[in-house]
Number of protein chains: 2
Amino acid sequence: MNSSVHHLFREQTAGKKKRERTRGALLDSAISVFASKGYAATKITDITNHAELANGTFYNYYDDKDALLHDVAIGLAVEITSGIDAELQALIHAPTRVTLATARCLQIARQKPEWLRVLLESLFVVPEMQSAAVKYLRQDLELGIEQGHFTIEINLLLVNQILSLIRTAAIVDPQMSDITIQRTCEGLLRLLGLSSKKSANLVARVFKVHLEHCDA
Amino acid sequence: MNSSVHHLFREQTAGKKKRERTRGALLDSAISVFASKGYAATKITDITNHAELANGTFYNYYDDKDALLHDVAIGLAVEITSGIDAELQALIHAPTRVTLATARCLQIARQKPEWLRVLLESLFVVPEMQSAAVKYLRQDLELGIEQGHFTIEINLLLVNQILSLIRTAAIVDPQMSDITIQRTCEGLLRLLGLSSKKSANLVARVFKVHLEHCDA
DNA sequence: ACAAAGATTGAAATTTCTCTCATTTTTGAG
DNA sequence: CTCAAAAATGAGAGAAATTTCAATCTTTGT
């Protein structure tokens, strides 16, 4: 049906024993089904059908849907952040770091729309997702304040406001066009205290330098 | 159990015929139950029990939960916006209008936490809520651009970003303390292009002039 | 006060999932 | 290839909701 569907977990478990491969199939199917029907509306049999497994097989691996979402979310988070983290290594300018991280995150959402949708749902079901996101962000925010770029106070509300801008992009424009990514980055920088002009300039520059060969 | 529960719809239908009064009871109970258990987890019988009606009575009024949420959301939206709208009549300074509207909206969320929680859930189930919110906001955004205060481009993404800041306040701080309201207003103004300093000053001023006798 | 229309009731049929487990099939180490 | 262990199966019991509807009660206009 959709040749662009990715199989993160099946790839990760390709060479391993049957048990791990089946688990991978369940996790990949969970991503597809959670993304298309929403977590709440998903039934266990939706997932096992999609994975072409018997309904009972699910219970050899997980106690319930929540436990499955937990593993899916952790897996996705590790996959996404490890790549972005590596790319940011050399960057010391906090606004650039934040912009690039956000843009990369949203670009992944374009290539793999299901991933971000599932991750965003997991924020409210898997508590450790929230705190992991907060931890990552806070470092760059502190850096930006030290550097004098961000003229705001760091608090839990602000961090959640930032996450909500990313969430909003995914909801308003599931296709995640370049313009949506840029506007989201600009909005984020304005939220952190940069002027409209500086935000627009920085986003333009970051796209030119780091993202020009990555268009949809 | 909770003397602070409001009965918007029962009040609205007090003098009317039985049919309308029962509908009002269902709507008020729906607000309570949706807010306390969440929309997805709410069963029809939760609502009829809360309204002290037989389970079958629900089906004399609505086909399903969605139809009920629709009526609840419309009713709440009208109630909230009409009050705020009246207060904003005389104000012509767009940033002040936006700040005051946001602050009032969040103050209502403090007094009637159930209302905002239900409204926010409805944004993704009742499509016309989204467009109604957009219509209201857009006027003030255009005004602010004309006045030279907002240095942004109006688009669907921006409007949803604004709504998401309000949503975030409700999620992060359900108590809706004054500090959360202020930070949300400030973040909103920064998102619209005001500097951190101007945002903080304006919010302080608006709270002093319009909101000083309204503390929790 | 009366009766027809309108509204409510709650037991029971129906639907929809979850979860178990005895049985069958597959796997992979020797 | 063999066979014990591992994994998968899917029918069905059980739990939890939804929905229907014939019977009953309440309202309201006259």
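The model shown is predicted, which means the values in this text are computed figures rather than measured ones. Just so we're on the same page: letters track the sequence lines, and every chain starts at 1.
Note that the first and last nucleotides of DNA chain C, 5' to 3', having any atom under 4.0 angstrom from a heavy atom of chain B are C:dA7 to C:dA11.
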Exercise for the section: Evaluate the criterion side-chain contact (heavy atoms from CB on, under 4.5 Å) for residue pair B:Ile31 and B:Lys112; output intermediate values, then yes/no. Expected result: CA-CA 10 Å; B:Ile31 293 177; B:Lys112 300 164 183 122; over 6 Å; no
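Qualifying ring-ring contact (aromatic ring centres under 6.0 Å, His included) partners for A:Tyr39, counting only residues two or more places apart in sequence or in other chains: A:Phe34. Under the side-chain hydrogen bond (donor to acceptor under 3.5 Å, both in side chains) criterion, B:Glu142 pairs with no residue at all, not counting sequence neighbours. The side-chain contact (heavy atoms from CB on, under 4.5 Å) test applied to A:Ala14 returns no partner, not counting sequence neighbours. For B:Glu87, the salt bridge (charged side-chain N to carboxylate O under 4.0 Å, His left out) partners at least two apart in sequence or on another chain are B:Arg104. Residues that satisfy the side-chain hydrogen bond (donor to acceptor under 3.5 Å, both in side chains) test with B:Arg10, not counting sequence neighbours, are B:His7.
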Check: residues 165-176 of chain B side-chain donor-acceptor pairs under 3.5 Å, at least two apart:
| unit_1 | atom_1 | unit_2 | atom_2 | d |
| --- | --- | --- | --- | --- |
| B:Thr168 | OG1 | A:Ser164 | OG | 3.3 |
| B:Thr168 | OG1 | B:Ser164 | O | 2.6 |
| B:Asp173 | OD1 | B:Gln175 | N | 3.2 |
| B:Asp173 | OD1 | B:Met176 | N | 3.2 |
| B:Asp173 | OD2 | B:Ser177 | N | 2.9 |
| B:Asp173 | OD2 | B:Ser177 | OG | 2.9 |
| B:Asp173 | OD2 | B:Thr180 | OG1 | 2.6 |

Ignoring hydrogens and angles, write down the donor-acceptor pairs under 3.5 Å from the side chains of residues 50-57 of chain A, residues two or more places apart or on other chains.
| unit_1 | atom_1 | unit_2 | atom_2 | d |
| --- | --- | --- | --- | --- |
| A:His50 | ND1 | A:Ser29 | OG | 3.0 |
| A:Thr57 | OG1 | A:Ala54 | O | 3.3 |

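For B:Arg97 (side chain) and B:Ile92 (main-chain N/O), no donor-acceptor pair under 3.5 Å exists by modelled atom type.
Of the N and O atoms on the side chains of B:Tyr61 and B:Arg19, not one donor lies less than 3.5 Å from an acceptor on the other residue.
Near DNA chain D, meaning a heavy atom under 4.0 Å away, the residues from residues 17-27 of chain A are A:Lys18, A:Arg19, A:Thr22. Contacts between residues 45-69 of chain A and DNA chain D, defined by a heavy-atom separation below 4.0 Å, involve A:Leu53, A:Ala54, A:Asn55, A:Gly56, A:Thr57, A:Asn60, A:Tyr61, listed by number. Within residues 8-16 of chain A, no residue has any heavy atom under 4.0 Å from DNA chain D.
Around the NZ atom of A:Lys37, the shell of radius 6.0 Å holds more than 12 heavy atoms that belong to other residues, nucleotides or ligands.
Within the structure, ring-ring contact (aromatic ring centres under 6.0 Å, His included) pairs that include any residue of residues 160-189 of chain B do not occur (at least two apart or interchain).
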